[in-house]
Amino acid sequence: MGNVFGRKSRPTRVTEQDKAILQLKQQRDKLKQYQKRITLQLEKERLLAKQLLNDGKKEKALLLLKKKRYQDQLLDKTETQISNLERMVQDIEFIQIETRVIEGLQVGNACLKSMHEIMSIEDVERILDETQESIEYQRQIDEMLAGALTQEDDEAVLAELEAITQGEDVALPEVPTEPIPDVPEAAKAEPERRDAKDTPDREMLTA
């Protein structure tokens, strides 16, 4: 509750043009109501004049028709006034639209101006030159790699790239997981006995 009562009211954004449009529409509506009331009254007076003629009261019927004629003229003037009010409302609303468009153009021009101040023509040319240099450098690297690698190397590189793209691991030689078996003691002693046996034979040949 404290937030509701303590909340500050937002400033109204109703312009003088909005107030003028509202007043014009109110006047137009009042004229339309008057026009409708006069139309009903004229219809009643026409029927009454017809009744007076039937009753032989020609003078009263004539007087009533003169009054009706005057009200017909007022009705025509009312229609003209309603048309003028509606045209004025449309003109004001169109001017409001034009004003918003002009304000939008002003904001856009200010934004473009600030962007031009941030980045000048020289900066744009420098960035384009740097980009062109990077493209040329990459082209030279591509030409060097194309001359150093064979077709087989290119295919291997493409295959590895495809594997990386698909999230697959590149195939590598498998490392043996089983332990290496121990050498039996008899197998270790056999070379020693063979050397001991050959030693006397070499001594006899020497003597």
Side-chain angles (χ1 to χ4, degrees), residues 1-19 21-22 89-207:
M1 294 296 292
N3 293 333
V4 174
F5 290 104
R7 185 180 301 169
K8 295 181 179 179
S9 60
R10 296 181 178 179
T12 179
R13 299 185 62 182
V14 178
T15 63
E16 294 298 327
Q17 291 81 6
D18 295 332
K19 295 179 181 179
I21 290 175
L22 179 60
V89 169
Q90 293 174 357
D91 292 340
I92 295 176
E93 289 177 343
F94 184 73
I95 291 175
Q96 285 183 320
I97 295 174
E98 285 185 331
T99 302
R100 295 191 186 99
V101 172
I102 293 174
E103 291 175 352
L105 291 175
Q106 290 177 345
V107 173
N109 289 333
C111 181
L112 289 174
K113 185 177 180 180
S114 62
M115 293 177 65
H116 292 162
E117 292 176 353
I118 294 174
M119 182 173 295
S120 62
I121 297 179
E122 291 77 10
D123 294 333
V124 175
E125 292 178 348
R126 177 179 55 80
I127 293 174
L128 292 176
D129 292 339
E130 292 177 355
T131 303
Q132 186 63 33
E133 291 177 358
S134 300
I135 295 174
E136 182 65 22
Y137 179 73
Q138 183 63 39
R139 186 184 63 80
Q140 294 177 1
I141 293 177
D142 294 339
E143 291 178 354
M144 293 174 61
L145 292 176
L149 299 179
T150 62
Q151 183 177 358
E152 184 179 356
D153 293 332
D154 291 336
E155 293 176 355
V157 171
L158 293 176
E160 183 176 358
L161 178 62
E162 182 68 19
I164 294 174
T165 304
Q166 296 180 358
E168 300 177 356
D169 296 332
V170 181
L172 297 174
E174 296 182 358
V175 179
T177 57
E178 298 179 358
I180 300 175
D182 297 334
V183 179
E185 294 296 332
K188 292 181 180 180
E190 183 64 24
E192 295 178 356
R193 288 196 299 269
R194 187 180 299 110
D195 293 341
K197 182 178 179 181
D198 294 339
T199 300
D201 294 337
R202 286 196 297 270
E203 290 178 351
M204 290 177 64
L205 292 173
T206 303

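These figures come from a predicted structure and were not determined experimentally.
Residues satisfying the side chain to side chain contact (heavy atoms under 4.5 Å, CB included) test with T131, not counting sequence neighbours, are I127, I135. When the side chain to side chain contact (heavy atoms under 4.5 Å, CB included) test is applied to Q90, no partner is found at least two apart in sequence or on another chain. Checked against side chain to side chain contact (heavy atoms under 4.5 Å, CB included), K19 has the following partners two or more places apart in sequence or in another chain: V14, E16. For Q132, there are no side chain to side chain donor-acceptor pair (under 3.5 Å) partners at least two apart in sequence or on another chain. Applying the salt bridge (Lys or Arg N to Asp or Glu O under 4.0 Å) test to E130 and every residue at least two apart in sequence or in another chain returns R126. Residues that satisfy the salt bridge (Lys or Arg N to Asp or Glu O under 4.0 Å) test with E155, not counting sequence neighbours, are absent from this structure. In this structure, E98 has no side chain to side chain donor-acceptor pair (under 3.5 Å) partners at least two apart in sequence or on a different chain. Annotation: salt bridge (Lys or Arg N to Asp or Glu O under 4.0 Å) contacts of R139 (sequence neighbours excluded): E136, E143.
Q96 CD to D18 CG: the interatomic distance, rounded to the nearest 0.5 Å, is 5.0 Å. Note that CD1 of I92 and CD1 of I97 are 12.5 Å apart. Values are rounded to the nearest 0.5 Å. Interatomic distance, CD of Q166 versus CG of L161, reported as 10.0 Å (0.5 Å rounding). In this structure, CD in E160 is found 4.5 Å from CD1 in I164, a value given to the nearest 0.5 Å.
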Side-chain donor-acceptor distances from residues 99-111 under 3.5 Å, at least two apart:
{"residue": "T99", "atom": "OG1", "partner": "I95", "partner atom": "O", "Å": "2.8"}
{"residue": "N109", "atom": "ND2", "partner": "L105", "partner atom": "O", "Å": "3.2"}

